[in-house]
Amino acid sequence: MSTVFEGYEKQYCQLSANLSKKCASANLLDGEQKKQKVSEIKVGLDEADALIRKMDLEARALQPNIKAVLLAKLREYKSDLNNLKSELKRIASTNLNQAARDELLEAGLADTLAVSANQKDRLLMSTERLNNSSNRIMNSRKVMLETEELGVSLLQDLHQQRQSLLHADNTLHGVDNNIGRSKKIITNITTRMNRNKWVIGGIITLLVIVIAVILYFKLVK
């Protein structure tokens, strides 16, 4: 909820209550005193109208979910302001004689106070409902932020696991390369051993032939 909007809202509620009292007291006056009171009410209504515009601008600049709540609350205040303007027109246009005015004041004052009280009760009930809606929205937003933090944590864990897998894959590639080099070395050793076997076999065969020739000549002679 916007603190700026709440500040304007508090000022408007105080001003509205004050204007309701002035409208009620204006019904009891006559002549110049009544004109002066009507002028004061007009000034107050202008201030209230300015506050309504400020609240409207502030609400429309906020996030969509909060804006919807504040605009709904603002419609109640606009309705209240229109009622006050209608009451001022009724007071300003009243041109009754003293006897009729006194007779109407007794009932009209009570009616005005009752209407004002009913309006304030409705405004309080609407404000309470809107505040409850705002609290639910804030709770939903809190849950959403917690879910977002959990998602970020999971993504970080997955990233770390991916890095570990890449490191393991690189290690396996290194092992595979080492195995390949080892196989080449073993193949070379095996080739040399086979070649050495043939060389040794040849030498042994040659020695056998030489020994056989020597024995032959010795036996013949």
Side-chain angles (χ1 to χ4, degrees), residues 1-27 36-93 108-162:
M1 189 70 67
S2 171
T3 54
V4 177
F5 184 94
E6 290 177 350
Y8 292 148
E9 182 182 22
K10 184 177 179 181
Q11 293 179 36
Y12 175 80
C13 290
Q14 293 175 349
L15 183 59
S16 176
N18 188 31
L19 289 173
S20 296
K21 292 179 181 178
K22 288 184 177 181
C23 287
S25 62
N27 287 312
Q36 183 178 357
K37 185 64 67 175
V38 168
S39 298
E40 292 177 3
I41 295 172
K42 286 182 179 180
V43 173
L45 288 175
D46 291 338
E47 294 178 2
D49 200 33
L51 288 172
I52 289 290
R53 288 195 297 272
K54 290 179 181 179
M55 284 190 286
D56 186 77
L57 291 174
E58 180 64 21
R60 295 182 186 279
L62 298 175
Q63 297 177 356
N65 53 352
I66 300 177
K67 179 175 71 174
V69 174
L70 297 183
L71 289 178
K73 185 184 291 188
L74 193 58
R75 283 194 290 272
E76 294 289 337
Y77 295 144
K78 288 180 179 179
S79 176
D80 177 67
L81 181 60
N82 289 332
N83 290 334
L84 290 173
K85 290 179 179 179
S86 298
E87 180 65 14
L88 177 63
K89 289 180 181 179
R90 188 189 67 80
I91 294 171
S93 62
L109 179 59
D111 291 339
T112 301
L113 293 175
V115 170
S116 179
N118 290 334
Q119 290 175 349
K120 293 300 179 293
D121 290 339
R122 288 197 299 271
L123 285 173
L124 289 174
M125 291 176 63
S126 299
T127 300
E128 184 177 358
R129 287 197 298 270
L130 292 173
N131 287 334
N132 291 334
S133 300
S134 299
N135 291 333
R136 287 195 295 270
I137 291 172
M138 294 300 292
N139 291 333
S140 300
R141 185 182 178 190
K142 182 179 179 182
V143 172
M144 181 183 68
L145 291 175
E146 291 175 352
T147 304
E148 183 180 356
E149 291 177 357
L150 179 60
V152 171
S153 177
L154 289 174
L155 288 176
Q156 290 176 349
D157 292 340
L158 290 173
H159 178 72
Q160 292 176 356
Q161 292 176 6
R162 180 176 179 273

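In this chain, numbering begins with 1 at the start of the sequence shown. Computed from a predicted structure; not experimentally measured.
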Next item on the list: Let me see the working for Glu76 and Lys73 under salt bridge (charged side-chain N to carboxylate O under 4.0 Å, His left out), right down to the final yes or no.
Entry: CA-CA 5 Å; Glu76 294 289 337; Lys73 185 184 291 188; over 6 Å; no
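- Side chain of Ser86 to main chain of Asn82: a donor-acceptor pair is present (N/O by atom type, distance under 3.5 Å, no hydrogens or angles).
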| said: side chain to side chain contact (heavy atoms under 4.5 Å, CB included), that's the test. Do Met125 and Arg122 meet it? Break it down for me. | reply: CA-CA 5 Å; Met125 291 176 63; Arg122 288 197 299 271; 5.7 Å; no
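- Here the closest heavy-atom approach between residue Lys67 and residue Leu62 is recorded as CB-O, 4.2 Å.
- To the nearest 0.5 Å, atoms NZ (Lys78) and CG (Asp49) are separated by 9.5 Å.
- Nearest heavy-atom pair, Leu70 versus Ala59, reported as atom, atom and distance to 0.1 Å: CB-CB, 3.8 Å.
- A distance-only check finds no donor-acceptor pair linking the side chain of Asn18 to the backbone of Gln14 [under 3.5 Å].
- Atom CD of Glu58 sits about 7.5 Å away from atom OG1 of Thr3, to the nearest 0.5 Å.
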Run the numbers on Ser20 and Lys120 for side chain to side chain contact (heavy atoms under 4.5 Å, CB included), then give the verdict. CA-CA 10 Å; Ser20 296; Lys120 293 300 179 293; 3.6 Å; yes
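- Two residues are said to be in side-chain contact when any heavy atoms from C-beta on lie closer than 4.5 Å; Leu19 and Glu47 fail this criterion.
- Tyr8 and Lys54 make their closest contact through CE1-CB, 3.6 Å (heavy atoms, listed as atom of the first residue, atom of the second, distance).
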Steps toward side chain to side chain contact (heavy atoms under 4.5 Å, CB included) verdict (Ile41, Leu45): CA-CA 6 Å; Ile41 295 172; Leu45 288 175; 4.1 Å; yes
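- Expressed to the nearest 0.5 Å, how far OH of Tyr12 lies from CG of Leu81 amounts to 4.5 Å.
- Considering CD of Glu128 and CG of Leu124, their distance stands at 8.5 Å, rounded to 0.5 Å.
- With values rounded to the nearest 0.5 angstrom, Asp157 atom CG is found 15.0 Å from Arg162 atom CZ.
- Taking each heavy atom of Tyr77 and Ile52 in turn, the nearest pair found is CB-CD1, 3.6 Å.
- With respect to the salt-bridge test (charged N to carboxylate O, under 4.0 angstrom), the residues Glu40 and Lys37 qualify.
- A distance of 12.0 Å separates NZ of Lys22 from CG of Leu84, quoted to the nearest 0.5 Å.
- Nearest heavy-atom pair across Leu15 and Gly44 is CD2-O, 3.4 Å.
- Nearest heavy atoms, Ser16 versus Asp80: OG-OD2, 2.6 Å.
- A heavy-atom distance below 4.5 Å is found between the side chains of Ile91 and Glu87.
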(message) What verdict does the salt bridge (charged side-chain N to carboxylate O under 4.0 Å, His left out) test give for Asp46 and Lys42, after you've listed the backbone C-alpha separation in whole Å, the side-chain angles of each residue and the deciding distance to 0.1 Å?
(response) CA-CA 6 Å; Asp46 291 338; Lys42 286 182 179 180; over 6 Å; no
